[in-house]
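Reading through the structure tokens given below for one structure.
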Amino acid sequence: MTRPVVEVHGLTRRFHGPERPPVLDRIDLTIRRGEFVALLGRSGSGKTTLLRTLAGLDPVTEGRATVPERRAVVFQEPRLLPWKKVWKNVALGLPGSAAEARRKAEAALAEVELTHRAEAWPLTLSGGEAQRTGLARALVREPELLLLDEPFAALDALTRLRMQSLVGELVQAHRPAVLLVTHDVEEALLLADRALVLAGGHLVEDIPIGLPRPRRRADPAFEALRLRLLGALGVDEDGHDAAARPAFGADSRQAA
Amino acid sequence: MPASATTALEGRPPVRAAARPSFRRAFRWPGLGRARRFVVPVLLILLWQAAAEAGLISTRMLAPPSAIATAAWELIVSGELGHHLLVSLQRVAIGLAIAIGAGVSLGLVAGLSKLGEDAIDATLQMLRALPFLALVPLLILWLGIGEATKIVLVALGATFPIYLTLFGGIRSTDPKLLEAGQVLGLSHAQKIVHIVLPAALPQALVGLRYALGTAWLSLVVGEQINATAGIGFLVMDAREFLRTDIIVVGLLVYALLGLSADQLVRALERRALAWRPSLVREG
């Protein structure tokens, strides 16, 4: 087997000093080359902290994390520079000549079906277009590791469905390793090869999703996995809190 | 009751719908459009002229518009106005250039480094508390009554708005955009060029507009200190001879200069800030 893209050992992260339970408590995680991992958790479970650590935005203070040099992040908000046209946002920071960067940016925009908006100002984009631009900006770097921080959360329901299938297709085509942070169980089941559940600072579930693609929500196996993940998140089918797992107790105290 | 109201209205709706617009149309001057807003000022000027001709306003207090127009024409034709205007413009240009240089350098140093902020910001905030026009006596002692005093006065007044807005603009850069720049692999210098400075630009341009306003103000004060040329000199000289017509011409020139400077910065904003939503919608 090839060497994993991400290797995390004993990663611990505290925000409140040693007397309070840590947000991430001795996390071990490996992500293989080309593997799509969904990281689920309630708000404030620390899933975004884990993603930010892998992105290099949060420091590793305890434990060890190895990540590839070529990595890209798509945030929940698109975080485009409003004073640069769409294609320049995509081309920003690309190595090589300006013409080369522009060619790559335009190719990436074509992949997310935004060729016609290349010369637009970001503030004139719709939410879906802005997020597709963010996706193009991530993919144009040909990342070995693609980090997606709830990238569909702020989109309307129809746009979200289109974006999910677009991300699915692009990841199939480019095969980066992906870590998708989400609280949407169905999204994880539609896209990921493996689903992790983070609760109380620990990865409490690690479930392979062997469903054939393209995946259908009507598939009984899909439904079974959905219930299992919802259970791990402490929610029953009707959306009520299941009998509280002790692990969730520590959850509400820290901000993501 | 509602039923009868409905019947009462039947057959009338077109009339009612047209009623309001036609009411307003009766009071609208056809074909004037934007020119409508000049009606009152023009009326006032005509009134002023009439009052002067009827002997209600002494020429020693205020010359009539016709005399002002004549004076302006004579000053333009003789080249006198052009000469003084050029001198004044030169003072503002040099003073403003110094102010932009100093304000931008100080703003960058204080905005981009904590050390710079500690070294510069508190000092400048203290200096800013001084009304800079009150420094005139000191400036005269230090620099005499020549060009230097006038230029330094303009530069002093215009530096602070530029410094303050640039510093504030740099510090209010969205940290989320900086994070995005970091994950895109931008270097520190690239982040400053692509993210911090463009983010600070809108505020800095507001500062530039302020600075221009202050520069004219300083010029007016500066040119009343023993000047031998410049619009201010023209006005002071006219006072000696009770030429209220020339004084008003000088005031009008100051107003026009301020107005055109403001238009210049607005044009600059339209170009440099074309990405902003309000401007995007207009375009």
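These numbers were taken from a predicted model, which means no experiment stands behind them. Sequence lines set the chain letters: A, B, ... in the order given, protein chains first and strands last, and positions in each chain run from 1.
- For B/Gln190, no part sits under 4.5 Å from any heavy atom of chain A, backbone or side chain.
- Between the CG atom of A/Leu203 and the CG atom of A/Leu39 there is a distance of 6.5 Å, given to the nearest 0.5 Å.
- Rounding to the nearest 0.5 Å places OG1 of A/Thr66 at 7.5 Å from CZ of A/Arg3.
- Contacts between residues 198-212 of chain B and chain A, counted as heavy-atom pairs separated by less than 4.5 Å, involve B/Pro198, B/Ala199.
- Proximity to chain A (any heavy atom under 4.5 Å) is restricted, for B/Leu186, to the side chain, taken from C-beta onward.
- Side-chain atoms of A/Glu35 come within 3.5 Å of backbone N or O of A/Arg32 as a donor-acceptor pair.
- Judged by distance alone, the side chain of A/Arg52 and the main-chain N or O of A/Asp58 form no donor-acceptor pair under 3.5 Å.
- Counting heavy-atom pairs closer than 4.5 Å to chain A, the top residue among B/Ala272, B/Ala180, B/Gly185 is B/Ala180.
- In terms of modelled atom types and a separation under 3.5 Å, the side chain of B/Glu223 and the main chain of B/Gly232 share a donor-acceptor contact.
- Checking side-chain atoms of B/Ser88 against main-chain N and O of B/Ile231 turns up a donor-acceptor pair under 3.5 Å.
- With a threshold of 4.5 angstrom between heavy atoms, A/Leu94 does not approach chain B through any atom at all.
- Atom CG of B/Leu130 is surrounded by more than 12 heavy atoms from other residues, nucleotides or ligands within 6.0 Å.
- Both tests do not hold together for A/Lys84 against B/Trp275: distance to the six-membered ring centre under 6.0 Å, angle to the ring axis within 45°.
- Looking at A/Arg71, the atoms closer than 4.5 Å to chain B (heavy atoms on both sides) all sit in the backbone: N, CA, C or O.
- Heavy atoms closer than 4.5 Å to chain B are found in both the backbone and the side chain of A/Arg79.
- Not one N or O on the side chain of B/Lys191 forms a donor-acceptor pair closer than 3.5 Å with the backbone of B/Gly181.
- Of the two parts of A/Glu69, neither the backbone nor the side chain holds a non-hydrogen atom closer than 4.5 Å to a non-hydrogen atom of chain B.
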